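Input: a single structure, listed below in structure tokens.
Quick caveat: nothing in here was measured; it's all calculated off a predicted structure.
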Amino acid sequence: MRYDRIVKGERRTPYVKDIVEPNVGAAFRRRRLGHFRDASAFARYRNAYDQAMARLPEPDRIQDVATRFGTVRVYRFGTGDGVPLLLLPGRTASTPMWEANLAGLTAHRPVYTVDLLGEPGLSVQTRAFTSAADQADWLAELLARLGHDRVHLFGVSIGGWSAFHLALHAPEKIASVSLLDPAGLFGRITWKVVVVSLGSVVPFFPESWRRRLLSWISGGADASEDEPVANLISAGMRDFTAFLPPPTYPTDDQVAGVDVPVLALIAGRSIIHDPRKATLRARRLLARGVVELWPDASHAINGEFPERVNARVLAFADEVDRTGPTGDTP
């Protein structure tokens, strides 16, 4: 089932009525599908989601797009005719995490955002993932249904990992890939990330501790109850159970085999990986890569430096559009 809805001029709270029923309850655990623990958990999450979404520019279209692995919530911002950007969020995040970036990006080209399938958000998983290839498959199906010849992928953290694996498995519709401090891609995940992950899976983890972990991974950013995106991520960690295969670490041959233009912005203060080693590996292996180490940035790079990030990603996409898919000026 595919659902398209133009929302210009409509009342924004509640943000949009659910068209696809969310996965709620223990029955989905047995099927190893991402789900909210109970109805109260989903209600808390949905309230946080609506509050965070209300701070974004108003989307021009909301779609629920069916794939073999579930229904994907997609928002389109902007109405231009250029090659669009498709934004992929980090783990336990969703569309609202792009609050700092959307207005600047949509001033230049159309933008799609998605809630990752199997993660907290309004996408609804119906088939279990067994591999990284499965996670690339649903994204490839999504691209086919959006109706564009090509898109520029733009992913942060695990969204960067997802974008890269899509380029590895199904590059046909990908114009370029921009990565913000991608997780598990150019550098191996650190023990610090394991500690943070415990806050999302341990039952009854103290809320104050969870928010400290969120602030730690984000370079000391505000993770208080006054910050809507932090509230949303914390709610997802607390109220959603995911069944996702561990991110596979690509081999040197796999990284070198991605034959689309790649922009990688590595955060110098990231705790996700060793930034220096990740930068060196990306520069050594990427066939068509531009790799930059931003010393002052943390893993929350998109929110810390939104104007700079936007300008760099847009300039990279513009250059790819100008020179064409092979890198030769038309």
Strictly by modelled atom types, are [X] and [Y] linked by a side-chain donor-acceptor pair under 3.5 Å?
X: His152; Y: Ser178; result: no
X: Glu304; Y: Ser298; result: yes
X: Asp60; Y: Thr79; result: no

Quick check: does any side chain N or O of [X] sit under 3.5 Å from a backbone N or O of [Y], one acting as donor and the other as acceptor?
X: Asp134; Y: Thr130; result: yes
X: Ser162; Y: Ile158; result: yes
X: Thr71; Y: Ala66; result: no
X: Asn23; Y: Phe28; result: no
X: Glu292; Y: Leu265; result: no
X: Lys173; Y: His148; result: yes

Requested in this report: Could you give me the CA-CA distance, side-chain angles and deciding distance for Asp181 and His273, then say whether side-chain hydrogen bond (donor to acceptor under 3.5 Å, both in side chains) is met?
Outcome: CA-CA 9 Å; Asp181 208 40; His273 45 210; 2.9 Å; yes
Does [X] share a hydrophobic cluster with [Y], counting links as ILVMFWY side-chain heavy atoms below 4.5 Å and allowing steps through other members?
X: Ile266; Y: Leu280; result: no
X: Val83; Y: Leu314; result: no
X: Leu293; Y: Phe186; result: yes
X: Phe243; Y: Val72; result: no

Gap between atom [atom2] of [Y] and atom [atom1] of [X] - 0.5 Å precision:
X: Leu122; Y: Arg73; atom1: CG; atom2: CZ; result: 5.0 Å
X: Leu232; Y: Tyr49; atom1: CG; atom2: OH; result: 8.0 Å
X: Leu56; Y: Met53; atom1: CG; atom2: CE; result: 5.5 Å

Take atom [atom1] of [X] as the centre, draw a 6.0 Å sphere, and report whether it contains more than 12 heavy atoms from other residues, nucleotides or ligands.
X: Arg29; atom1: CZ; value: no
X: Arg32; atom1: CZ; value: no
X: Asp81; atom1: CG; value: no

Students often mix this up, so state it plainly: with edges at 30° and 60°, are the rings of [X] and [Y] parallel, tilted or perpendicular?
X: Tyr45; Y: Phe36; answer: tilted
X: His35; Y: Phe240; answer: tilted
X: His165; Y: Trp161; answer: tilted

Query raised in the report: Could you walk me through whether Asp137 and Arg68 pass the salt bridge (Lys or Arg N to Asp or Glu O under 4.0 Å) check?
Result: CA-CA 9 Å; Asp137 282 348; Arg68 289 181 299 124; 3.6 Å; yes
**Report entry** Within 45° cone and under 6.0 Å: Arg127 NZ/CZ vs Trp138 ring
**Finding:** no
Query raised in the report: Below 6.0 angstrom between ring centroids: does that apply to Tyr112 and Tyr75?
Result: no
**Report entry** Worked check of salt bridge (Lys or Arg N to Asp or Glu O under 4.0 Å) between Arg150 and Glu172
**Finding:** CA-CA 8 Å; Arg150 297 189 306 153; Glu172 295 81 11; over 6 Å; no
Report task. Verify salt bridge (Lys or Arg N to Asp or Glu O under 4.0 Å) between Asp318 and Arg322, making sure each step is shown before the conclusion. Result -> CA-CA 6 Å; Asp318 288 345; Arg322 184 182 68 81; over 6 Å; no
Query - Side-chain heavy-atom pair Tyr249, Arg188 within 4.5 angstrom cut-off - result: yes
